[in-house]
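Some notes on the structure that comes next.
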Amino acid sequence: MEVTEKDRYVIRGGNPLVGEVEIGGAKNAALAIVAAAIMTDETVTIENIPDVRDTNVMLEAMQSIGVNINRINRHTVEINGSMVKNVNIDTESIRRIRASYYLMGALLGKYKRAEVPLPGGCDIGSRPIDQHVKGFRALGADVVIEGGIVKAKAEKLTGAHIYMDVVTVGATINVMMAAAMAEGKTIIENAAKEPHVVDVANFLNSCGANVKGAGTDVIRISGVSRLKKCTYSVIPDQIEAGTFMYAAAVTKGDILIRNIIPKHLESISAKLTETGCEVQEFDDAVRVVASKRLKPTHIKTLPYPGYPTDMQPQAGVALALSEGTGTITESIFENRFRYVDELTRMGANIRVEGNTAFIEGVEKFTGARIKAPDLRAGAALVLAGLAAEGTTIIDNVYYIERGYEDFDKKLRRLGAEIRFTDAGEDMMKTKFKVVS
Ligand code: UD1
């Protein structure tokens, strides 16, 4: 069913979440990898793609330029980019997702031309693309932005030495993709080290590219003229996993989160341990047990391996329920505290000054009617609703469904009373029947 802006979650809070949850593939890695898959004329098979709106919009946009997409099952897709008809992507939906910019790097690398609308995505602050443009220009492309469209073209791409002025995941991946098919060697300095940067490099290498150093701050790429087919499985989603870790923390629950890479979750595990949760790591699982009131802590978002900005609102919800005063400093995006007003309606006591939130913990939240302001903040507010006394109604769940597959279903299996209702449904009649 198509989810619209009018759809909502109705949550009756108070149940500790207990049980096991399986984590899906990383949305942000999958978005870049499916784009990179068009760089070979052979058929690439990508497994573990999350079935969420953003990845589906991306695949549709790719289809609109002639890429053959064959969905083998819910999470596996075959992609063949040999029939790409044009390098001008202009579907309405692609403007809504941030990751559309990965088609620039992929198309420019393969066809030396790309025209892609300026990226949309969550309104979490100004999201410049100057480092992407700088990287493409360094590789020899002419890049102009006209009528909201980024137009890049080159006679040929030539390897270059590029220093990123800020640590950026998007520009690192984008330039890495284009450089994979440039002539000669490229060095990207001050590269982002996020797990999905490594995942995209591994994917490109599986297709025959020569990318070394991903996961460190210097990436070295020797361009190749052709990429070939491969079968590749996307890494687990660090942020989905982290969100369920916080679900255990705020509901005083006990959740075993399976199919994850514990190393990717270290900063989150460390902060949850500081707040008094018990975090047990296994080979490919992590268990979070929260038996007592949370303790406050101080968090600053940073590029990986620092604490992820995409896990900031979830931490905000936990600190708002802790025994004392904690702080969160957001150093990546300037507009990521939009959940604070919503949380205040539920009884939270938070003051934001500049890029820091001073959070005085309260004993409990009470249910309220609130709105998801963006993807991660929306998920965090669901956690708040699950921890709250009474009923919480969250509007705009459209945002949440951009990045979480079966979020309500997975939560219900852990004992949550959460129900998706469409706009037409009579709220007063909402029953909390558990159907998964
Ligand atoms: C990606 C993720 C997003 C996550 C973010 C940081 C996707 C689709 N989105 O976003 O969920 O929150 O990484 O982990 O993968 N910047 C510039 N110039 C640029 C590019 C970025 O100044 O050309 C700045 C940004 O404003 C921001 C910082 O660099 O302050 C980091 O941004 P970046 O890592 O690029 O984030 P995104 O790729 O947009």
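Atoms within each ligand, like the ligands themselves, are counted from 1 in listed order. Index from 1, following the sequence.
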Can a side-chain donor-acceptor contact be found between N73 and T76 if the only test is distance below 3.5 angstrom? yes

For D408 and R413, run salt bridge (Lys or Arg N to Asp or Glu O under 4.0 Å): C-alpha distance rounded to whole Å, both residues' side-chain angles, the deciding distance at 0.1 Å, then the answer. CA-CA 9 Å; D408 53 337; R413 287 196 190 124; over 6 Å; no

Quick note, side chain to side chain donor-acceptor pair (under 3.5 Å) partners involving residues 156-175, not counting sequence neighbours, are Q131-D165, H132-N174, K134-D165, K156-E183, H161-E189

Would you say G170 and ligand 1 have an N/O pair spaced under 3.5 Å apart? yes

If you measure every N or O of Q131 against every N or O of ligand 1, does any of those distances drop under 3.5 Å? yes

Heavy-atom nearest pair, V234 first then A30, reads CG1-N, 4.0 Å

Does ligand 1 have an atom under 4.0 Å from some heavy atom of Y304? no

Quick one: which residue pairs count as a side chain to side chain donor-acceptor pair (under 3.5 Å) with a foot in residues 228-237, not counting sequence neighbours? D199-Y232

Using a strict 4.0 Å cut-off to heavy atoms of R336, name the atoms of ligand 1 that fall inside it. 12 (O)

With respect to atom 20 (C) of ligand 1, which of A171, G403, G306, P128 exhibits the smallest heavy-atom separation? P128

So is T309 polar-close to ligand 1, meaning N/O to N/O under 3.5 Å? no

Select one of side chain, backbone, both or neither to describe which atoms of F333 lie under 4.0 Å from any atom of ligand 1, heavy atoms only. side chain

Between R226 and E42, does any NZ, NE, NH1 or NH2 come within less than 4.0 Å of an OD or OE carboxylate oxygen? yes

So, is H196 polar-close to ligand 1, with some N/O to N/O distance under 3.5 Å? no

One residue to check: H132. Relative to ligand 1, which of side chain, backbone, both or neither has a non-hydrogen atom less than 4.0 Å away? both

Interatomic distance, NZ@K295 vs SG@C277, rounded to 0.5 Å, equals 9.5 Å

Say whether R8 and Y398, considering side chains only, have a donor N or O and an acceptor N or O under 3.5 Å apart. no

Using a heavy-atom cut-off of under 4.0 Å, does the side chain or the backbone of V167 touch ligand 1, or both, or neither? backbone

For atom 13 (O) of ligand 1, which candidate among I332, V169, V175, N28 provides the closest heavy atom? V169

Backbone, side chain, both or neither: what part of D310 comes under 4.0 angstrom of ligand 1, heavy atoms only? side chain

Given D130, V133, L375, V166, which one has a non-hydrogen atom that is nearest to atom 29 (O) of ligand 1? V166

Side chain, backbone, both or neither: which applies to E330 and ligand 1 if a contact is any heavy-atom pair less than 4.0 Å apart? neither

Testing the 3.5 Å rule here: is there a donor-acceptor pair between the side chains of H264 and E194? no

